[in-house]
There are 2 protein chains.
Amino acid sequence: MKKVQPQSEGEPQRLFQRLQNELAQLIAETPAGERLPSEPELARKLGVSRATLREAMRAFEGQGLIRRRQGVGTFVVGQTNVIETGLELLESIETMAERIQLKVSMGDLQIGHLKADESRSTILQVPSDSPLVQISRVIHAENRPVAYLVDLLPEEFLSSKDLEVGFTGSVLDQLLRRQDIQLSESVTNIRAVAASPEIAHALQIQRGDVLLLFIAELYSKEGRMVDYSHSYFLPGYFRFHVVRSIGLSKVASWMPIEPERR
Amino acid sequence: MKKVQPQSEGEPQRLFQRLQNELAQLIAETPAGERLPSEPELARKLGVSRATLREAMRAFEGQGLIRRRQGVGTFVVGQTNVIETGLELLESIETMAERIQLKVSMGDLQIGHLKADESRSTILQVPSDSPLVQISRVIHAENRPVAYLVDLLPEEFLSSKDLEVGFTGSVLDQLLRRQDIQLSESVTNIRAVAASPEIAHALQIQRGDVLLLFIAELYSKEGRMVDYSHSYFLPGYFRFHVVRSIGLSKVASWMPIEPERR
DNA sequence: CAGTGGTCTAGACCACACG
DNA sequence: GTGTGGTCTAGACCACTGA
């Protein structure tokens, strides 16, 4: 029996909600690691179109409850170890993972060499045409990609030789090993973004899925910017928090806490 | 001329990318405040279906470059004032906005009274059935909703009377006015989430659009939790950053920085 | 090769704003 | 009412995985 005017029967606008509830139940009932019915089959069972079904499934993928693999199927993910950390200290993912005894590894390392164009030389505070290194890689944990990292820095701070041996994915850890650079702090901008097609592909998620993005400027003790990085994190595998103190608002209003940055 | 097999002609998988580029150009060329062509018309002009067009437009809405209004149209948004602040200090949106001379106002205030159920009494560290107040409201800036805030706290800290007079939308500012409560700090969890239908409606965005979410636990100097809040921020109208210092990683690995929280 | 998820289409109806 | 964005459908093709 076909529904020619599906919207005009039962519920007004809550189809999506109902769908998500039914999906939540289905996921909860399915043992971890098991495959869900295929999308066409599920759509038929739940009485919705495949497009609507997929839309409703997105939220669960973002929470890390399911994982979709093209050509294979959609799987229920069990309890995952969450990397939880405060933001007051700057640490590599590797260091954070080590603290909770989680194994992480690097995949898909790409190293590019380029000259600073105008925008890049401005950001990194280097002369135009300075040699730069760009390092992109995916970080795996729990047997799936969970973060996508891109670092851009002057070649003097991290040459190719440094990357050939013992590079495990962390530019920060690599820089910390150098005795000649004293790092001081990182100014990290925190954003929520939708995954671009490229990043979605690298992280094996859907384009448009939500990601947490840190844009960090790493400074040396001399005040030079050593590294400029973008870090994309899959929600559901990371939990970041920060302790915020009560300020004297009266003071804050005529004495800006944050001087001009970037 | 109909395309029966649209995928099999020109470009393989870059339709979406091309679309976004064309849209970016169109938006850049359109004066701020102007209306874009209607979706069916744009879809026809760009040679894509409406579904694909809408999907591609989502990213621009998240960045605050366009605004869609049901029954009216899609409009190009000009340069907007961004609320930029560090996270080290806890401040209300009103205080942050004041610093950059941005006018904000409250809309859609909803106050609910409820008894602490098991999960809530656990979170707030109060006995079961304690009277609680839940406060939801939307914050407007630049003539549009930009944040959705939900606070949950024991009634003893914020009774209805406190909210009847002079409540401008900030629970924090209201609490700071009380002499009998000494606030100390907030432990704030930072997440990226997709907008649920309810929140999307309140913020006048699309369901599934990306939001930055702060889940904050506000503590008094005595260590009691005073307030538990969820704050949803529209990207493009806020910019949060935090200064992270270099930790001694050797120390950090056997001396956890973060004791058990929540 | 068959079967899965990923993308896209064309068209329908709904909800809303405005004259 | 007219026209806009918001939702949903049915069906097609593509890209990938694994037998």
Side-chain angles (χ1 to χ4, degrees), chain A residues 1-20 34-44 46-58 60-61 66-75 195-198 200-209, chain B residues 1-20 34-44 46-58 60-61 66-75 195-198 200-209:
Chain A
M1 197 196 303
K2 287 204 175 184
K3 303 178 185 180
V4 184
Q5 303 167 354
Q7 286 89 344
S8 59
E9 0 188 292
E11 325 164 29
Q13 201 70 349
R14 309 186 190 286
L15 194 158
F16 182 84
Q17 301 266 45
R18 176 180 68 80
L19 230 194
Q20 286 205 325
E34 289 295 301
R35 216 196 72 189
L36 292 179
S38 74
E39 293 186 353
E41 191 180 338
L42 245 188
R44 192 170 34 73
L46 298 174
V48 298
S49 72
R50 215 183 127 205
T52 307
L53 171 67
R54 283 176 59 76
E55 180 73 10
M57 292 179 101
R58 281 174 97 141
F60 298 100
E61 187 175 15
I66 60 174
R67 175 173 180 195
R68 315 167 90 155
R69 297 176 60 193
Q70 186 172 7
V72 186
T74 302
F75 298 84
S196 69
E198 297 85 0
H201 184 259
L203 290 178
Q204 296 175 21
I205 58 178
Q206 283 186 266
R207 157 230 299 172
D209 279 358
Chain B
M1 200 198 300
K2 286 203 174 184
K3 303 178 183 179
V4 183
Q5 304 166 354
Q7 286 89 343
S8 58
E9 4 187 289
E11 326 163 30
Q13 202 69 348
R14 309 187 192 285
L15 193 157
F16 182 84
Q17 302 266 45
R18 176 181 68 80
L19 230 193
Q20 287 205 325
E34 289 295 300
R35 216 197 72 189
L36 292 179
S38 73
E39 292 186 353
E41 191 182 337
L42 245 188
R44 192 170 35 77
L46 298 174
V48 299
S49 72
R50 215 184 126 204
T52 307
L53 171 67
R54 282 176 60 76
E55 179 74 7
M57 292 179 102
R58 281 174 97 142
F60 298 99
E61 187 175 14
I66 60 175
R67 176 173 178 194
R68 314 166 90 153
R69 298 176 60 192
Q70 186 171 6
V72 186
T74 302
F75 298 84
S196 68
E198 296 85 359
H201 184 261
L203 290 178
Q204 297 176 22
I205 57 178
Q206 284 185 266
R207 159 229 298 171
D209 280 358

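Numbered from 1 within each chain, the chains take letters A, B, ... in sequence-line order.
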Undergrad: To the nearest Å, how far apart are A:Leu53 CG and D:dG11 P?
TA: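 Rounded to whole Å, this separation is 16 Å.
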
Undergrad: Could you check how far CZ of A:Arg44 sits from P of D:dT9, rounded to whole Å?
TA: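 Spelled out: CZ on A:Arg44 to P on D:dT9 is 15 Å.
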
Undergrad: Rounded to the nearest angstrom, tell me the gap between atom CZ in A:Arg207 and atom P in C:dG6.
TA: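 It works out to 11 Å between those atoms.
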
Undergrad: Indicate the atoms forming the closest heavy-atom contact of A:Ala200 with A:Gln206, along with that distance.
TA: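 Residues A:Ala200 and A:Gln206, closest heavy atoms: CB-C, 3.6 Å.
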
Undergrad: With sequence neighbours excluded, tell me which residues meet side chain to side chain donor-acceptor pair (under 3.5 Å) with B:Ser38.
TA: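 So B:Ser38 forms no side chain to side chain donor-acceptor pair (under 3.5 Å) with any residue.
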
Undergrad: With the criterion being N/O to N/O and under 3.5 Å, what pairs connect the protein with nucleotides 2-5 of chain C, and how long is each?
TA:
residue, atom, partner, partner atom, Å
C:dG3, N2, A:Gly71, O, 3.1
C:dT4, O2, A:Gly71, N, 3.1
C:dG5, OP1, A:Thr74, N, 3.4
C:dG5, OP1, A:Thr74, OG1, 3.2
C:dG5, OP2, A:Glu39, N, 2.8
C:dG5, N2, A:Gln70, NE2, 3.1

Undergrad: With sequence neighbours excluded, what pairs up with B:Ala56 under the side-chain contact (heavy atoms from CB on, under 4.5 Å) test?
TA: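 Expected list: B:Phe16, B:Leu19, B:Gln20, B:Leu23.
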
Undergrad: Looking only at heavy atoms, what is the nearest atom pair of A:Ala43 and A:Leu53, with distance?
TA: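 Heavy-atom minimum between the residues: N-CD2, 3.7 Å.
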
Undergrad: OP1, OP2 of C:dT9 versus side-chain N and O of B:Thr52: anything below 4.0 Å?
TA: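 B:Thr52 to C:dT9 OP1/OP2: side-chain N or O found under 4.0 Å.
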
Undergrad: Quick one: salt bridge (Lys or Arg N to Asp or Glu O under 4.0 Å) partners of A:Glu41, sequence neighbours excluded?
TA: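 Scan of A:Glu41 (salt bridge (Lys or Arg N to Asp or Glu O under 4.0 Å), adjacent residues dropped) gives A:Lys45.
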
Undergrad: Using the rule given for side-chain contact (heavy atoms from CB on, under 4.5 Å), can you reason through A:Arg35 versus A:Thr74, listing the C-alpha separation, both sets of side-chain angles and the distance that settles it, and then say yes or no?
TA: CA-CA 6 Å; A:Arg35 216 196 72 189; A:Thr74 302; 5.8 Å; no

Undergrad: Rounded off to whole Å, could you give me the CD-to-P distance for the A:Gln204 and D:dA15 pair?
TA: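 These atoms are roughly 18 Å apart.
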
Undergrad: Do B:Arg67 and B:Gln204 have side chains that get closer than 4.5 Å, going by heavy atoms?
TA: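 Yes, side chains in contact.
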
Undergrad: Without decimals, in angstroms, what is the distance between B:Glu198 CD and D:dG6 P?
TA: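 Those two atoms, CD and P, are 17 Å apart.
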
Undergrad: Using five pairs at each end of the helix from C:dC1-D:dG18 to C:dC18-D:dG1 to define an axis, what is the angle between those two axes, to 10°?
TA: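 Computed from the C1' atoms at both ends, the axes differ by 10°.
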
Undergrad: Output the rounded distance in Å from NE2 (B:His201) to C1' (D:dT7).
TA: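 Whole-Å distance recorded here is 14 Å.
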
Undergrad: Expressed as a whole number of angstroms, how long is the span from B:Glu55:CD to C:dT7:P?
TA: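 To the nearest whole Å, that distance equals 9 Å.
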
Undergrad: Using the test side chain to side chain donor-acceptor pair (under 3.5 Å), find all partners of A:Glu198 that sit at least two apart in sequence or belong to another chain.
TA: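 Per chain and number, A:Glu198 pairs via side chain to side chain donor-acceptor pair (under 3.5 Å) with A:Ser196, B:Gln17.
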
Undergrad: In whole angstrom, what separates B:Gln206's CD from C:dC14's P?
TA: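 These atoms are roughly 20 Å apart.
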
Undergrad: Taking only residues two or more places apart in sequence or in another chain, which ones pass side chain to side chain donor-acceptor pair (under 3.5 Å) with B:Glu39?
TA: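 With sequence neighbours excluded, B:Glu39 shows a side chain to side chain donor-acceptor pair (under 3.5 Å) to B:Arg50, B:Arg54, B:Arg68, given in chain and number order.
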
